[in-house]
Amino acid sequence: MMKTNINLEEMSQQDAIEYLKESVQPEMGAIPASLLGDPKIYDIEHKKVFLKTWLFIGHESEIPNKNDFITRDLAGYSVIISRGSDGEIRGLYNMCTHRGMKLCRADAGNKSSFTCPYHGFNFKNNGDCIGVPLQKDIYGGDFDKSGLGLHKIRIDSYKGLLFGTWNDQAEPLEDFLGEFKWYLDILAGRAEMEVVGPPQRFVIHSNWKIGADNFVGDSYHTMVTHGSIVKLGMVPSATYSKKGYQIHTTNGHGLNLGTPNPDFAFPEELKEEYKSNLTEEQYDVLCNLKNMIGNIFPNLSFLISHTKVKGQLISNTSVRLWRPISVDKMEVITWLLVEKNASSDWKRRSRESFILTFSPSGIFEQDDTEVFTDITAAASGTMPLVKQLTFNYTMGLHRKPVEDFIGPGVVYDDKFTEANQRNFYRYWLDLMTS
Amino acid sequence: MSLEKMLATYEFEQWLYLEAKLLDDIDFDGWFSLLHPDISYSMPVRVNKEGIERPDYSLDMFAFYDDIELLKIRVDRLKTDYAWAEIPPSRTRRSVNNVRLLEYAPNEKAVVNSYLTIYRSRSTDIHHDLISGERQDEFTFVDGEWKLSKRVFIVDQTTLNTRNLAIFV
């Protein structure tokens, strides 16, 4: 029997995990509201999810030149992602090894070394400690700097998408992404892609999982939440978002593939480049694609959106991180990706459509954030736990996946199902209870 | 300062106060009528740079990068029944100050910089959002009226502390 008088805060971590095992039932379509609002669950999440899995830290095109660097957050810790003078990309903990001061406070730049503002220790952008002020005088002649190098972070990339992890035992990135790579090829590897400008950042009073949940599987909400877009004639109909496929793979990854599309959503002149980077099957998906919305577990969502702006069809490709700040707050960080070899006019129009639809001022974006905020408020505190409020995730439970789709994963032949959310929460639960 | 420039400064202060009032009163049509058909309306992403390197905002990425057609889409959208982000509308209070007339050609063109602070309150939330920054505006004189023909809003935060920009800056 499940306890009725639950207070996770007073429980040990192990008891809280036992409670999750009993109460979170992804396969039954039962997800407690408290997952979005309980501080104890948030703390366990930090340890069991964010310190364990691969997390997105940026795109290789953000540091194209030798000595370029960006600073990013990795599970709450600032890291420097630097391209060394040897061209290699490294991840370094943004902390002076001498006394712990933050080394670099800029978002991005070009530097071959970093000097600590506290005592002036100097570090090369490969992490080596190369300078200690007054070293001989105050540390003596035998002082060994070699043990003072910056802490290195395990990083890896797939099709330009850079990930890092604090977990030295984590499986290789390619294994973690698994079959999902087939779809990421279409998203980020269809052509040489580059990020436009710096990422946009804004804060929402929302639990991070609501964003991931929304992108991994919630095509259903577009009819209502984004009803204004239909009214404006930017997409054809309210049920536009139903047609296509919902697909998930192992490790909680999932996406929604909007098809078919009578129009080619990408620059026509790059068809040869797409063909050379994709398999025939992937290229076929690309040709029929009207949108693609998904989430790489845990918190990197992505989107290809094809809409009509000023009477002309245009697509934009973006990725976004739902970076947790606290149980009820996240920073949303969005990057626009464009084909490097697209015309400047196409790039300009793609950026225009991105800013209009999915930037902080975006007319899709802003209605979502309103929903995320209110859900978080309703799920916060002790009451949802005491009353055991549970969300229904049973949509599509009666349906069988299709067998004849050309891509990998578990595939359903329209997008209005919650199979992907169930898959997301299954992997989340596996990590939380591991 | 010449009397002519004093009067012109006063005129643009009043223009900006009226604009603030129209936006705070959710009179989007009234606001839209203040805009020049060739308007360029942008809000670059602010970034943290090393030292005093400038500009410390992006020339490539923006939170707004609109012309009159896109602004019309936003205004039209806010008038549908589905613009949830502003249903019910935020209560906003725009304070405009430090208004400086940088260039002035009577009955022709003017460049005006000002500071803007937007207080935003939504629903029952006791927490408010503050959005502050500098406006770099250009005005063109058309048919006896000054119309806003260019606005660049340099926001003070690199991470915006507001859930969205469903409001105008």
Side-chain angles (χ1 to χ4, degrees), chain A residues 69 71 104-111 195-206 223-234 238 309-311 323 325 331-336 347-348 351-356 359-363 365-374 377, chain B residues 41-53 56-90 122-125 127 129 131 153 155 157-169:
Chain A
F69 73 88
T71 52
C104 177
R105 277 85 58 78
D107 296 338
N110 184 283
K111 279 180 115 172
V195 165
V196 182
Q200 306 226 27
R201 301 163 180 271
F202 59 110
V203 168
I204 310 179
H205 289 258
S206 165
M223 291 197 305
V224 179
T225 312
H226 303 305
S228 66
I229 311 300
V230 181
K231 291 247 174 185
L232 293 172
M234 290 178 67
V309 179
K310 299 179 183 171
R323 184 178 84 76
I325 296 173
E331 181 182 18
V332 186
I333 313 176
T334 64
W335 291 258
L336 171 67
K347 288 180 185 178
R348 184 189 56 78
R351 182 181 68 184
E352 180 180 81
S353 75
F354 168 70
I355 293 170
L356 179 68
S359 78
S361 77
I363 58 181
E365 184 74 56
Q366 51 185 253
D367 292 329
D368 282 330
T369 57
E370 187 72 6
V371 174
F372 295 0
T373 310
D374 283 356
Chain B
Y41 179 91
S42 69
M43 174 175 163
V45 172
R46 198 86 187 256
V47 292
N48 295 297
K49 287 211 167 167
E50 193 81 27
I52 53 162
E53 192 189 338
D56 60 346
Y57 55 84
S58 177
L59 304 174
D60 302 316
M61 189 42 77
F62 306 85
F64 282 104
Y65 198 69
D66 287 12
D67 56 18
I68 198 77
E69 264 186 90
L70 297 183
L71 288 169
K72 181 79 166 60
I73 290 174
R74 293 183 191 275
V75 167
D76 286 347
R77 195 194 86 88
L78 286 166
K79 294 194 287 185
T80 68
D81 296 333
Y82 293 93
W84 304 115
E86 284 295 306
I87 299 175
S90 300
R122 274 201 68 61
S123 186
T124 56
D125 193 347
H127 303 289
D129 298 347
I131 304 159
F153 181 64
V155 70
Q157 286 179 317
T158 56
T159 297
L160 303 176
N161 188 21
T162 192
R163 65 181 80 182
N164 58 44
L165 289 169
I167 56 174
F168 294 102
V169 293

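These numbers were taken from a predicted model, which means no experiment stands behind them. Proteins come first, then strands; the chains are lettered A, B, ... in the order of their sequence lines, and each starts at number 1.
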Undergrad: Quick check for you: to the nearest 0.5 Å, what is the distance between B/Arg77 atom CZ and A/Ile363 atom CD1?
TA: 6.0 Å

Undergrad: Kindly compute the distance separating CD1 (A/Ile204) from CG (B/Leu160), expressed to the nearest 0.5 Å.
TA: 11.0 Å

Undergrad: Is it the backbone or the side chain of A/Phe354 that comes under 4.5 Å from a heavy atom of chain B, or both, or neither?
TA: side chain

Undergrad: Specify the closest pair of heavy atoms between A/Ile355 and B/Ala63, including all atoms of both residues, with the distance to one decimal.
TA: CG2-O, 3.5 Å

Undergrad: So, taking the atom named CG in A/Asn110 and the one named CD in B/Glu50, what distance separates them when rounded to the nearest 0.5 Å?
TA: 10.5 Å

Undergrad: Which one, B/Asn161, B/Asp76, B/Thr162, leads in non-hydrogen pairs under 4.5 Å with chain A?
TA: B/Thr162

Undergrad: Heavy-atom count check: over 12 atoms from other residues, nucleotides or ligands less than 6.0 Å from B/Phe64 CZ?
TA: yes

Undergrad: Measure B/Asp125 against the heavy atoms of chain A and call it side chain, backbone, both or neither at under 4.5 Å.
TA: neither

Undergrad: Non-hydrogen atoms of chain B under 4.5 Å away: do they reach the side chain of A/Val309, the backbone, both or neither?
TA: side chain

Undergrad: Starting at CG of B/Asn164, measure out to OG1 of A/Thr369 and round the result to the nearest 0.5 Å.
TA: 4.0 Å

Undergrad: Please state whether the side chain, the backbone, both or neither of A/Arg351 comes within less than 4.5 Å of a heavy atom of chain B.
TA: side chain

Undergrad: What is the distance from atom CD of A/Glu370 to atom CD of B/Glu86, rounded to the nearest 0.5 Å?
TA: 7.5 Å

Undergrad: Can you tell me how far OG1 of A/Thr71 sits from CG of B/Asn48, rounded to the nearest 0.5 angstrom?
TA: 7.5 Å

Undergrad: Among A/Glu331, A/Gln200, A/Arg323, find the one that has a side chain to side chain donor-acceptor pair (under 3.5 Å) with B/Thr159.
TA: A/Glu331

Undergrad: After noting the C-alpha distance and the side-chain angles of A/Thr373 and B/Arg122, does the key distance pass the side-chain contact (heavy atoms from CB on, under 4.5 Å) rule?
TA: CA-CA 11 Å; A/Thr373 310; B/Arg122 274 201 68 61; over 6 Å; no

Undergrad: Side chains of B/Arg74 and A/Ser361: is there a donor and an acceptor less than 3.5 Å apart?
TA: yes

Undergrad: Which atoms form the tightest heavy-atom contact between A/Pro199 and B/Val45, and what is the distance?
TA: O-CG1, 3.7 Å

Undergrad: So what's closer than 4.5 Å to chain A heavy atoms on B/Glu69: side chain, backbone, both or neither?
TA: side chain

Undergrad: If every non-hydrogen atom of A/Gly197 is compared with every non-hydrogen atom of B/Asp60, which pair is closest and at what distance?
TA: CA-CB, 3.8 Å

